[in-house]
Protein chains: 2
Amino acid sequence: MSTIKWSDKMSYSIGTFAEIVNLSIDTLRYYEKEGLIIPERDEHNRRTYTEKDREWIAFILRLKETAMPIKKIKEYARLRYEGDSTMKERRAMLEQHRLFIIEEKKKLEENLKHLDKKILTYHAMIDKYEKSKS
Amino acid sequence: MSTIKWSDKMSYSIGTFAEIVNLSIDTLRYYEKEGLIIPERDEHNRRTYTEKDREWIAFILRLKETAMPIKKIKEYARLRYEGDSTMKERRAMLEQHRLFIIEEKKKLEENLKHLDKKILTYHAMIDKYEKSKS
DNA sequence: ATAATGGCTGGAGTTAACTCCATGTCAACC
DNA sequence: GGTTGACATGGAGTTAACTCCAGCCATTAT
């Protein structure tokens, strides 16, 4: 009566995994060197990436997209690979990062407001300029 | 009957200007090498920065804060130093950048949402974990 | 008069995050 | 059984955006 879960046993070579997560093979190896993701190896020492790895990479990319430097992601990864006892630390990191993102958002909104103003003054200036030429 | 405008004639040395705009002297010289800001020189070849320069730097920093690479800022600066005839081009650049910022904001908001979810699941996981230890 | 201060130039060094390359192994296809 | 193709490793190269340094002038302070 157990449901078959293909995905549990499935694993990808670095080439196909690279395509799936849309990163280059070299980048994956670089992330491994930095300790962000450490895939299993098969009997020939080839990297084997799983569905879990895919989820983990997706999360890494979110952190990267919100400007977390690799060093910090590496720190988070280290804790994660250490196991459940580090959950509180990891949560604290994410909560700190959350505040950072909120700050970033504020800055972006401020700058967008100013940019909009600037664009408006450009419209006015260009109107004037066009008229002065006629 | 003309109003005296001190600020028009005022100018700062690179050292004091650096403090005012909160950039290092080296960064200012680097920006100049890249063509972002080209201050006047005095009779001894020393850079003299004006109030206009301060405003311009403030704008450069806004562009930087919204992740515009120096190459693009340089392009904008080039047009600006070329004069009024480039206003339309500059406005177009800013309008394009505006769209970019809006995209960035969207991404940030998306990622923030996911992060919040993740933090919530951490809270639940940690509760469970604490109980399992008692 | 000399020493400290501040600025100038050209060029080298640094950091992050990749990216590329030479060389080598192994399984598979013709 | 030789070639092809995917993967492995170690290390060099690249780009952006600074940052630092040596060697040289001019001005100011003692």
All N/O donor-acceptor pairs, side-chain side in residues 18-25 of chain B, below 3.5 Å, sequence neighbours left out:
from: B/Ser24; atom 1: OG; to: B/Asp26; atom 2: N; distance (Å): 3.4
from: B/Ser24; atom 1: OG; to: B/Thr27; atom 2: N; distance (Å): 2.9
from: B/Ser24; atom 1: OG; to: B/Thr27; atom 2: OG1; distance (Å): 2.9

Can you list the residues that meet the side chain to side chain donor-acceptor pair (under 3.5 Å) rule with B/Glu95, with sequence neighbours excluded?
-> A/His123
For A/Glu110, enumerate each residue passing the side-chain contact (heavy atoms from CB on, under 4.5 Å) test, keeping only those at least two apart in sequence or located in another chain.
-> A/His114, B/Arg62
With sequence neighbours excluded, tell me which residues meet side-chain contact (heavy atoms from CB on, under 4.5 Å) with B/Lys118.
-> A/Phe59, A/Tyr76, A/Leu94, B/Tyr122
Sequence neighbours left out, what pairs pass salt bridge (charged side-chain N to carboxylate O under 4.0 Å, His left out) with at least one residue falling in residues 75-89 of chain B?
-> A/Glu130-B/Lys88, B/Glu75-B/Arg78, B/Arg78-B/Glu82
Any A/Leu112 side-chain heavy atom under 4.5 Å of B/Thr66 side chain | no
For B/Phe100, the ring-ring contact (aromatic ring centres under 6.0 Å, His included) test, sequence neighbours excluded, returns B/His97
Anything under 4.0 Å to a heavy atom of chain A counts; send over the first and last such nucleotide of DNA chain D, read 5' to 3'.
-> D/dA6 to D/dT9
A/Tyr81 side-chain N/O to A/Ile38 backbone N/O, donor-acceptor pair under 3.5 Å = yes
Between A/Ser24 and B/Ser13, whichever has its closest DNA chain C nucleotide further toward 5' is B/Ser13
Hey, could you give me the OG/CZ distance between B/Ser85 and B/Arg90, rounded to the nearest 0.5 Å?
-> 8.0 Å
At a cut-off of 3.5 Å, list every protein nitrogen or oxygen paired with a nitrogen or oxygen from nucleotides 22-28 of chain C, distance to 0.1 Å.
from: C/dA27; atom 1: OP1; to: A/His44; atom 2: NE2; distance (Å): 3.0

Could you check which residues of residues 53-70 of chain B get a heavy atom under 4.0 Å from DNA chain D? Sort them by number, please.
-> B/Lys64, B/Pro69, B/Ile70
The correct set of residues in residues 25-34 of chain B placing a heavy atom under 4.0 Å from DNA chain D is B/Asp26, B/Thr27, B/Tyr30, B/Tyr31
Residues two or more places apart in sequence or in another chain: which of them pass ring-ring contact (aromatic ring centres under 6.0 Å, His included) with A/Tyr31?
-> none
Only one of B/Arg47, B/Glu43, B/Arg41 clears side chain to side chain donor-acceptor pair (under 3.5 Å) with B/Asn45; which?
-> B/Arg41
What residues form a side-chain contact (heavy atoms from CB on, under 4.5 Å) with A/Glu40, not counting sequence neighbours?
-> A/Thr48
